Amino acid sequence: NSRFSVTFVRQYATIFTSGSVATSILQNKFTNSSILSFHNNDKPRQRTLYTMQSNRQGKSQMTDTTDSANIGGIGAAAAAPQHPHCDRQTMYDHQPNRQQSSRGTYDYDLVVIGGGSAGLACAKEAVQNGARVACLDYVKPTPIGTKWGVGGTCVNVGCIPKKLMHQASLLGEAVHEAAAYGWNVDDKIKPDWSKLVSSVQNHIKSVNWVTRVDLRDKKVEYINGLGSFVDRHTMVAKLKSGDRTITAQTFVIAVGGRPRYPDIPGAVEYGITSDDLFSLDHEPGKTLVVGAGYIGLECAGFLKGLGYEPTVMVRSIVLRGFDQQMAELVASSMDERGIPFLRKTVPLSVTKQDNGKLLVKYKNTETGEEGEDTYDTVLWAVGRKGLVEDLNLSNAGVTTFKDKIQVDTKEATNVANIFAVGDIIYGKPELTPVAVLAGRLLARRLYGGSNQRMDYSDVATTVFTPLEYACVGLSEEDAVKQHGADGVEVFHGYYKPTEFFIPQKSVRYCYLKAVAERTGDQRVYGLHYLGPVAGEVIQGFAAALKSGLTINTLINTVGIHPTTAEEFTRLSITKRSGLDPTPASCCS
Ligand code: NDP
């Protein structure tokens with residue numbers, strides 16, 4: 001009499017039950033070593049964990065490993081400490097045996113500092129290639145006290161919560177569109193911030209938990225401590241229980257970065273960053289978002305979609321480093337949705353008024369004119385700095401550059417046994433998939449006999465603004481810089497997504513372009529797309545571009561109709577021709 005919905009994440013299964021759980025059925029179903037978690041609807045705050053293991057006879061047996069103080073996840077958040085990971089010293093309290101390995105007398109072959117995307121990928125891959133590995137991870141709380149568990153920025157305060165809040169905002173839009181499609185929708189619907197935050201945080205805690213189980217399964221020793229170098233083979237980890245000295249043949253620094261605060265009065269006291277936003281215990285309300293990079297635009301976008309009033313303060317240009325025509329279209333599409341942009345403006349100070357509102361004084365950098373306004377929240381999205389300060393890198397002889405570490409094409413620092421990977425390295429894209437692949441390849445080179453190096457070129461990415469922007473390869477300006485204006489042809493077009501017609505959504509900024517070689521095979525240098533599900537559209541084209549995509553191949557590829565991705569196969573108008581790139585109909 002139990003109903004199950006079963007989701008497998010690799011070998012993990014989470015089973016939501018109503019009524020009693022028929023363990024025998026489950027035991028028959030899952031024979032691999034699996035973690036099963038049962039959400040008991042009768043006691044929604046209690047989650048029972050079972051480890052499914054094969055016994056000596058080869059039969060599966062379940063071990064109750066319930067640890068309510070250590071579990072996040074749906075229904076368990078209230079029972080668990082707010083940040084279970086940070087409240088524990090280590091997951092496995094054993095000291096490693098000091099063994100003589102072929103690589104020397106060290107506690108470990110490899111110590112990875114940082115349990116984010118890069119560090120975890122590197123640590124797990126190294127173990128799989130036979131290394132003895134420990135991974136240090138420690139999260140310093142933000143000025144307002146926000147902290148989180150293992151998994152790094154992406155999982156806890158970056159890509160994952162951002163995508164979930166973006167989705168929440170898109171759903172709000174979709175609910176309103178649904179009425180045009182014939183759904184009877186209550187027009188008083190509104191979002192519940194605290195419920196959204198709690199759903200997002202519960203998901204994050206479940207990811208934290210699965211990450212820790214994964215580390216245990218893969219035999220990576222996880223140490224919840226802040227590491228600093230003593231010398232090039234020795235580190236001291238500050239644990240809750242005291243200091244612990246750790247030695248390793250090799251270190252990989254994967255500590256990532258944290259948001260910067262501007263150097264103005266009131267910035268730290270009254271402002272928050274993306275490290276705080278996704279767990280904010282009150283509605284953000286009228287929000288000043290300072291910074292027009294990825295983070296600023298994405299946060300402003302979902303805040304608007306959730307019914308708040310964001311304003312974006314732009315110091316110079318929008319989305320520095322991106323194709324500027326596309327960046328301006330992104331900004332215009334946000335402006336069209338009612339998100340104002342304060343251009344060429346910098347903040348001067350933040351003070352708290354008696355009514356609790358934040359008074360922000362600012363200045364136009366061109367005219368020198370000063371202004372002020374009050375906000376409920378000020379969100380700094382002014383860039384990120386590498387977390388080098390606590391590492392005592394000088395003790396190991398590692399040099400830094402602008403809060404980051406410079407590495408060669410093998411991610412090696414200037415010290416032979418110390419490498420760096422992920423957001424901490426200088427001059428490379430700060431993106432999770434880049435960090436994961438670079439970390440994995442580094443471990444394979446260190447322990448798996450591989451020679452493969454990370455290719456940091458042509459990395460696709462998406463800015464999850466309300467109308468999403470994704471791209472891969474060169475911007476138009478970089479293509480012109482590299483190949484000359486006469487060597488570049490730009491194919492472009494506006495398009496009308498079929499699903500936009502019925503709710504009469506604006507198609508004004510649905511636009512895409514292919515930046516290509518002008519002659520010969522017309523090799524594609526870059527693809528840019530502004531529209532729905534941009535990341536899903538560009539991901540496949542990214543593989544094509546890396547494989548040498550040409551305009552000829554693109555326009556001879558049969559599209560999937562009616563999709564927006566097919567618009568890339570219909571590109572026929574060049575900028576140079578001066579012809580109108582606006583489509584007459586959707587199907588010709
Ligand atoms: P960015 O460096 O991209 O942008 C920072 C913004 O803040 C710029 O607009 C900058 O202006 C402005 N700024 C800097 N200092 C000040 C100041 N003192 N006063 C006012 N404005 C200022 O940083 P983000 O924090 O947005 O993103 C960091 C990284 O995170 C990115 O490189 C990105 O790779 C990654 N990321 C990726 C995401 C994704 O893949 N979807 C999502 C979010 C982040 P100016 O141009 O004048 O310097």
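Below, each value reflects all heavy atoms present in this structure, side chains not excepted, and no hydrogens, waters or symmetry copies. In this chain, residues are counted from 1 in sequence order. Worth saying up front: this structure is predicted, and the values here are computed from it rather than measured.
Here the side chain of K385 pairs no donor or acceptor atom with the backbone of K402 at under 3.5 angstrom. One N or O on the side chain of Q324 and one on the backbone of L319 form a donor-acceptor pair closer than 3.5 Å. A donor-acceptor pair under 3.5 Å is absent between the side-chain atoms of D376 and the main chain of G285, judged by distance alone. Between the D214 side chain and the V210 main chain, no donor and acceptor come within less than 3.5 Å of each other. Between the side chain of E567 and the backbone N or O of K513, no donor-acceptor pair lies under 3.5 Å. When atom types are taken as modelled, the side chain of N224 and the backbone of D137 share a donor-acceptor pair closer than 3.5 angstrom. The closest donor-acceptor contact from the side chain of H203 to the backbone of S199 lies at 3.5 Å or more, if one exists at all. Between the side chain of T365 and the backbone N or O of K344 there is at least one donor-acceptor pair closer than 3.5 Å. Between the side chain of H528 and the backbone N or O of G473, no donor-acceptor pair lies under 3.5 Å.
Under the 4.5 Å side-chain criterion, counting only non-hydrogen atoms from C-beta, E477 is not in contact with V515. Side-chain contact between Y261 and P143: present, with at least one pair of heavy atoms (C-beta onward) separated by less than 4.5 Å. By the 4.5 Å heavy-atom criterion applied to side chains, S457 and K546 are counted as neighbours. At least one side-chain heavy atom of V252 sits less than 4.5 Å from a side-chain heavy atom of L442. V197 has its side chain out of reach of D281: every pair of non-hydrogen atoms, C-beta onward, lies at least 4.5 Å apart. Under the 4.5 Å side-chain criterion, counting only non-hydrogen atoms from C-beta, V537 is not in contact with L512. Within the 4.5 Å cutoff, the side chain of T564 has heavy atoms near those of the P532 side chain. In this structure the side chain of W380 never reaches within 4.5 angstrom of the side chain of P259, judged on heavy atoms.
Electrostatic pairing of K428 and E411 does not count as a salt bridge here, judged by no charged N lying under 4.0 Å from a carboxylate O. Note on D390 versus K140: salt bridge recorded, some NZ/NE/NH1/NH2 to OD/OE distance being below 4.0 Å. A salt bridge between E328 and R343 is present, with a side-chain N of the basic residue lying under 4.0 Å from a carboxylate O of the acidic one.
G291 and V312 make their closest contact through O-CG1, 3.8 Å (heavy atoms, listed as atom of the first residue, atom of the second, distance). Considering every non-hydrogen atom in both L120 and G151, the closest pair reads CD1-CA, 4.1 Å. The two atoms that bring V112 and A254 nearest to each other are CG1-CB, 4.4 Å, heavy atoms only. The shortest non-hydrogen separation linking I424 to D403 is CD1-O, 4.0 Å. In plain terms, the two heavy atoms of L306 and P191 that are nearest each other are O-CG, 3.0 Å. Closest of all the heavy-atom pairs between L527 and A514 is CD2-CB, 3.5 Å.
Residue-environment remark: CD (Q539) stays at or below the threshold of 12 foreign heavy atoms within 6.0 Å. K286 NZ: more than 12 foreign heavy atoms inside a 6.0 Å radius. Within a 6.0 Å radius of CD1 in I189, other residues, nucleotides and ligands contribute more than 12 heavy atoms. Around CG of D354, the count of heavy atoms belonging to other residues, nucleotides or ligands within 6.0 Å does not exceed 12. Shown here is Q353, whose CD atom has more than 12 heavy atoms of other residues, nucleotides or ligands within 6.0 Å. For NZ of K575, the number of neighbouring non-hydrogen atoms (other residues, nucleotides, ligands) closer than 6.0 Å is greater than 12. For K357, the NZ atom counts as loosely surrounded, since its 6.0 Å shell holds 12 or fewer non-hydrogen atoms of other residues, nucleotides or ligands. Under a cut-off of 6.0 angstrom, the local environment of CG in D263 is sparse, with at most 12 non-hydrogen atoms contributed by other residues, nucleotides or ligands.
With rounding to the nearest 0.5 Å, the separation of CZ in F501 from NZ in K496 is 5.5 Å. In this structure, the separation between CG on L387 and OG1 on T153 is 8.0 Å, given to the nearest 0.5 Å. Rounding to the nearest 0.5 angstrom, the gap separating the CG atom in L164 from the OG atom in S169 is 12.0 Å. Rounding to the nearest 0.5 Å places OH of Y362 at 9.5 Å from CD of E369. Within the model, atoms CZ of R337 and OG of S506 stand 8.0 Å from one another, a figure rounded to the nearest 0.5 Å. Here CG of D373 is found 9.0 Å from CE of M313. Values are rounded to the nearest 0.5 Å.
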**Request:** Evaluate the side chain to side chain contact (heavy atoms under 4.5 Å, CB included) criterion for residues I113 and L391: first the C-alpha distance (whole Å), next the side-chain angles of each, then the deciding distance (0.1 Å), finally the verdict.
**Result:** CA-CA 9 Å; I113 312 153; L391 289 172; 4.0 Å; yes
**Message:** Is there a ring-ring contact (aromatic ring centres under 6.0 Å, His included) between F464 and F302? Walk through the geometry before answering.
**Reply:** CA-CA 9 Å; F464 289 95; F302 71 67; over 10 Å; no
**Worked verdict on I538 versus T462 for side chain to side chain contact (heavy atoms under 4.5 Å, CB included)** = CA-CA 8 Å; I538 283 291; T462 299; 5.6 Å; no
**Request:** Determine, step by step, whether V421 and M454 satisfy the side chain to side chain contact (heavy atoms under 4.5 Å, CB included) criterion, reporting the C-alpha distance in whole Å, the side-chain angles of both residues, the deciding distance to 0.1 Å, and the verdict.
**Result:** CA-CA 10 Å; V421 72; M454 178 66 193; over 6 Å; no
**Request:** Decide yes or no on side chain to side chain contact (heavy atoms under 4.5 Å, CB included) for L303 and T377, but give the supporting numbers first.
**Result:** CA-CA 11 Å; L303 288 176; T377 303; over 6 Å; no
**Asked** Could you go step by step and tell me if Y495 and Y529 meet the ring-ring contact (aromatic ring centres under 6.0 Å, His included) rule?
**Response** CA-CA 11 Å; Y495 63 95; Y529 168 99; 5.8 Å; yes
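Between Y308 and W193, the angle of the ring planes goes over 60°, which puts this pair in the perpendicular group of the 30/60° scheme.
The ring pair (Phe, Tyr, Trp, His ring centres under 6.0 Å) test applied to Y494 returns Y511, not counting sequence neighbours.
With W148 as the fixed residue, the side chain to side chain contact (heavy atoms under 4.5 Å, CB included) test singles out one of N208, I204, V155, D275: D275. Checking each of T273, N156, D276 against T146 for a side chain to side chain donor-acceptor pair (under 3.5 Å) leaves exactly one that passes, namely D276.
The closest side-chain donor-acceptor pair between H166 and E468 falls under 3.5 angstrom. Residues Y375 and T311 bring no donor and acceptor atom of their side chains to less than 3.5 Å of each other.
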